[in-house]
There are 2 protein chains.
Amino acid sequence: MKDIALKLISMFKEGYCTPQISQVAKKLKEPSTTIHYNIKKLEKEGAIRSYKAVFDYKKIGEGYCTYILTRLTAEKYGHPEEVAEKLAQDPRVESVDIVTGDYEILIKLRVKDIDEYYAFVKESVNKYGFAKTISLASLKQIKTEFVRL
Amino acid sequence: MKDIALKLISMFKEGYCTPQISQVAKKLKEPSTTIHYNIKKLEKEGAIRSYKAVFDYKKIGEGYCTYILTRLTAEKYGHPEEVAEKLAQDPRVESVDIVTGDYEILIKLRVKDIDEYYAFVKESVNKYGFAKTISLASLKQIKTEFVRL
DNA sequence: TAATTAGTTGAATATTATTCAGTTTTTATG
DNA sequence: CATAAAAACTGAATAATATTCAACTAATTA
């Protein structure tokens, strides 16, 4: 077999999708050319960044979801954006925000299980300069990425 | 004019998109029918929940993003799922999780500005039984929904 | 109010998804 | 290990959909 599924999942996580113009046209009872025009406009303005898939993360082996709040070490403190940019490159990271409060960065992590979670944190402490972290494990996800699960 | 843009945004937030089979086929150098077969399989298994758009939220008037941790009142405590389900129906809510720690629910909220944020919190205290809340405002979003901004 | 720009739309074309039937590969079973 | 059954793969044909274009209409600006 070719194990295409894994490749598809990683591609659809970020993009490789497109709007269904004719379906939208039907729903809104407008000509498909009008819908087409309006979508292209939103894309040109940069209002739409990407078209992507939302998964049942348990079923794709990413059932363990955690929110990690982190404070950076003295040397990294003051440059949270650099750290955040690096974190954003990690495919396990769903989102990264610089936030207000006692902790600089909020990470949403999706991994298979608690072992992979631990591997991420252990690796990150040195790699990114995490001084202190608080983790909130998601016990149940009701809605993600605007999609109800 | 017909103000189609607003309707498109709300539709694409949750769905009305589809995978680009031929583009994926090109990228992976596989026949498009093979890609088609594998995608349909993922959909049937329920691994893919939806195809949707990711926006530049500032440009669609939802530039103010907050993470809200909340503890429920005594009467609601023990039934966080009911509250979470109601919260999930709100279009301003991007995600809702039941989490570990001192607070039961973690909400990711997207609104226009701090006034709309305040309106949400004020309204929620009574509506959902929020006893105590901590809010972390996102100062900068580096990555959201697996998409780099 | 004339001129320019932005938005709408139908018809034609180009592109893409889907179906189907045949093939290969993998898995299960005696 | 042989064989049957199921799952995965694929090319050719068809169906569906997106895109282009040119004409038109509405809105905005000078």
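Note that the coordinates shown come from a computational prediction; the quantities given were computed from them, not determined experimentally.
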Between B:Lys41 (NZ) and D:dA7 (C1'), how many Å, whole number? 8 Å
Hey, does the side chain of A:Glu116 reach the backbone of A:Lys112 with a donor-acceptor pair shorter than 3.5 angstrom? yes
For the residue pair B:Tyr51 and A:Phe12, categorise the inter-ring angle as parallel (less than 30°), tilted (30 to 60°) or perpendicular (more than 60°). perpendicular
Do B:Ser135 and B:Tyr117 have a side chain donor and acceptor closer than 3.5 Å? yes
d(CD, A:Gln23; C1', D:dA15) in whole Å: 14 Å
Within the distance-only criterion (no hydrogens, no angle test), does the side chain of B:Thr70 pair as donor or acceptor with the backbone N or O of B:Ile105 below 3.5 angstrom? no
Within 6.0 Å of CD1 in A:Ile114, more than 12 heavy atoms from elsewhere: no
Given atom CG of B:Asp3 and atom P of D:dA27, what is their separation to the nearest angstrom? 13 Å
Protein-nucleotides 21-23 of chain D N/O pairs closer than 3.5 Å?
none

Identify whether NZ of Lys or CZ of Arg in B:Lys13 sits under 6.0 Å from the centre of the six-membered ring of A:Phe146 and within 45° of that ring's axis. yes
Protein-nucleotide distance (B:Tyr37, atom OH; D:dT10, atom P), rounded to Å: 12 Å
Please report the distance, rounded to the nearest Å, between CD1 in A:Ile35 and C1' in D:dA18. 13 Å
Taking the side chain of A:Lys40 as heavy atoms from C-beta outward, which of D:dT19, D:dA7, C:dT9 is closest to it? D:dT19
Would you tell me if any nitrogen or oxygen in the side chain of B:Asn38 comes within less than 4.0 Å of OP1 or OP2 on D:dA8? no
If we count only N and O atoms by modelled type, under 3.5 Å, do the side chains of A:Asp97 and B:Tyr67 hold a donor and an acceptor together? yes
Calculate the interatomic distance between A:Leu28 atom CG and C:dT8 atom P; express it in whole Å. 12 Å
Please list residues of residues 9-22 of chain B whose heavy atoms come under 4.0 Å from any atom in DNA chain C, ordered by number; otherwise none. B:Pro19, B:Gln20, B:Ile21, B:Ser22
Starting from C1' on D:dA8, measure out to NE2 on B:His36 and report it in whole angstrom. 14 Å
Which residue, B:Lys143, B:Gln141, B:Lys140, B:Lys58, forms the side chain to side chain contact (heavy atoms under 4.5 Å, CB included) with B:Leu149? B:Gln141
How many whole angstroms separate atom CD1 of A:Ile4 from atom P of D:dT10? 7 Å
Taking it one step at a time, do A:Arg92 and A:Glu123 satisfy salt bridge (Lys or Arg N to Asp or Glu O under 4.0 Å)? CA-CA 13 Å; A:Arg92 296 169 290 184; A:Glu123 168 191 335; 3.1 Å; yes
